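Every value quoted in this text rests on a predicted model; they were computed, and no experiment measured them. Throughout, protein chains are lettered first and strands after them, A, B, ... in sequence-line order, and every chain is numbered starting at 1.
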Amino acid sequence: MTETPHKRGFNHFKGTAGYIASDELMEAVNCAIALERPLLIKGEPGTGKTLLAKHIAEALGMPMESWHVKSTSKASEGLYVYDTIQRLNDARFGDGDVGDIRAYIKLGPLGRTFKAEERHVLLIDEIDKADMEFPNDLLLELDEMRFTVMETGDEISAKQRPVVIITSNNEKELPDAFLRRCIFHFIDFPDVELMKQIIGVHHPNLDAALLDQVLIKFYWLRGQNELRKKPSTSELIDWISALLRSGVTRSRLEAHIPFLGSLLKNEQDTESLLDYTSKDGSIPRRWEDLGPKFNQ
Amino acid sequence: MFLEFFYALRAEGIPVAIQEWMMLMKALEIGQHASSLMSFYNLSRACLVKSETYFDSFDRVFASVFHGVEGKLSVSDELMQWLENPINFKELTDEQRAALEMLTSDELMRRYLEILEEQTERHDGGGKWIGTGGRSPFGHSGTHPTGIRVGGTSTNRSAMKIAEDRRYRNYRTDVTLDLRQTKVALKRLRRLTRSGPATELDLEETISETCRNGGDIELIFRSEHRNNVRLLLLMDVGGTMDPHFWPVSRLLTALHEEHGLREFRTYYFHNCIYEELYQDAWLFQDSAIPTGDLMRHYDERWKVVLVGDAAMHPYELMGLRGNINPRLESRTRGIDWLRRIDDHFQRAVWINPEPPDYWQRTQTANVIRSIFPMFQLTVDGIEQAVSVLIGARRAAAAG
């Protein structure tokens, strides 16, 4: 017996003080780290997809590099950009050494993590924002963790395979070939218990009875099918901040939902809720009012 | 049992590839600490399933394949340590090694479970078990099933329970429809083409041509990149459509917010299309336009989506005076108008908020289904409808 079993395996990431991760999420993260595969994270907006990478980096003590993908992003920009305009400018106006093409090759986020001595966490944020073909263009680079700079013929290959975290908001379907290479995790909307823990991280001194009222209102709102955009975790946390600053009391919160604007971001949603309350629709005060799902 | 799991997943329609299966095997091999069915559940789902829309199917397969397994998966620490230590394999002869590699993973799993049962029966005989198990294939050749080996001491939730809970039912694409999902489904309604005169400055080409030209500016133009899809939405309102207000309204919102379309027009009708269509949903007479004009106005390249439950009195569809508004006596049967629409436009689909088994029981829906391909108002249905609109030309108007 050369080593104890529990030091082997891949249990590295356990969440951090600022980030509560479910068991499933930790398992997926650790699996991705061990297999050196990209981890694809999906989930409702506001469930902490982007934050995850930051906290993985923090928990593992690795530096982080992020690549925020936009609709105009191209896969090659993540590797490197050949700054032809600068070179042209230098050629015309005589600054700098135009002969050295390497001086005009700027590495992108992917290129920088490959070149780094230390193992990095690389966040590719909102990959679905870019063109349909974007993920396909990265297949080889993410598989083999190397690429060639066409202009100079230099090959850049990863010294340390980075931990790649990719987030998607589901705006586009990702190509199958790309998906097959990823570990996938879908961040569930937190249940009440997990939500309490999450709020505890952000608002540690919240009164328990007040918290209950807050959550009853929140989960009730989320349960309304008429809403076009359901409030998310990050909106809940903002809402609690607003409530605390205004010094709202529990009794007021029982019958009203103040600062509705921080929860509902859609005019029609706000209207339909006001419509509901003005017609004497009742807002729940107790967990029992929310139905059997919350009272097991 | 292991391979059975793989094929059961595929049979359920989850696109699992060998590559992903091998990835799971590797994960099981590396992740030797993984100590419960729960973590096997998490691990296999993360490796094999790449969309939350399949989670529910996955749960059902997992529950049926591993039903009854959970209780058996409990082994002593000693055994676990032994299994985790590949050093034990050193004493194997090459022949034995080869024999082990011949085993299928299915066989491995079966024997593994047998041994587990044996082990729980006589716990103190572990030494012997380990002795004979020297040729145990576990932990070998990429099919190390240790991930499901040990009944977890720290897991409170059981994988079976989770799998049987079917928490992901709402993500099934064949059931629900919310605004965002609708939008995603409609994203496919894009066919980008470059057409028209070359008016747009192609900056990148300009720069690279200029560089190639030794610094003399060379301007390159190209034609604009735009979506060429024009969509005509014809919508049934009122009466039997009222219960479907929310899903239909979401579809409408999603279409309105789909800015990619080159043009998008909506007209309304009640129950069936006759001489006139209406530009507003209240069907006011002053917003009426003749259906014939519609076909003159919009050429055959417009994609037509009809939304309605296709349920009406058969007379409204087949009769000569079918229009239920008595002031608007019809001279042409509703079904003939529908046929004309289908003849005129190259692509037309019917989206029905009612489920398919309901269509079969509705006489008029069956007739309409023989004219237009009919799809249910679900994410899957919309995707299929879009692929009929955009994809390869449909062979016949079969429903």
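- Considering every non-hydrogen atom in both A:Glu27 and B:Asn42, the closest pair reads OE1-ND2, 3.4 Å.
- To the nearest 0.5 angstrom, B:Gln19 atom CD is 11.0 Å from A:Asp176 atom CG.
- Here the shortest heavy-atom pairing between A:Arg180 and B:Ala17 reads CD-CB, 3.2 Å.
- Pairing each heavy atom of B:Lys50 with each of A:Phe184, the nearest pair is CD-CB, 3.5 Å.
- Contact annotation: the side chain of A:Leu35 approaches that of B:Met23 to within less than 4.5 Å [non-hydrogen atoms, C-beta and beyond].
- For a residue to count as touching a neighbouring chain, one of its non-hydrogen atoms must lie under 4.5 Å from one of that chain's; by this rule B:Ser51 touches chain A with backbone and side chain alike.
- Taking the six-membered ring for Trp, B:Tyr54 and A:Phe186 have ring centres at least 6.0 Å apart.
- In terms of heavy-atom pairs under 4.5 Å with chain B, the best-connected choice from A:Cys182, A:Gly43, A:Ala28, A:Ser168 is A:Cys182.
- Neither the backbone nor the side chain of A:Arg87 comes within less than 4.5 Å of any heavy atom in chain B.
- Contact of the B:Glu204 side chain with the A:Lys74 side chain is registered, since non-hydrogen atoms from C-beta on lie closer than 4.5 Å.
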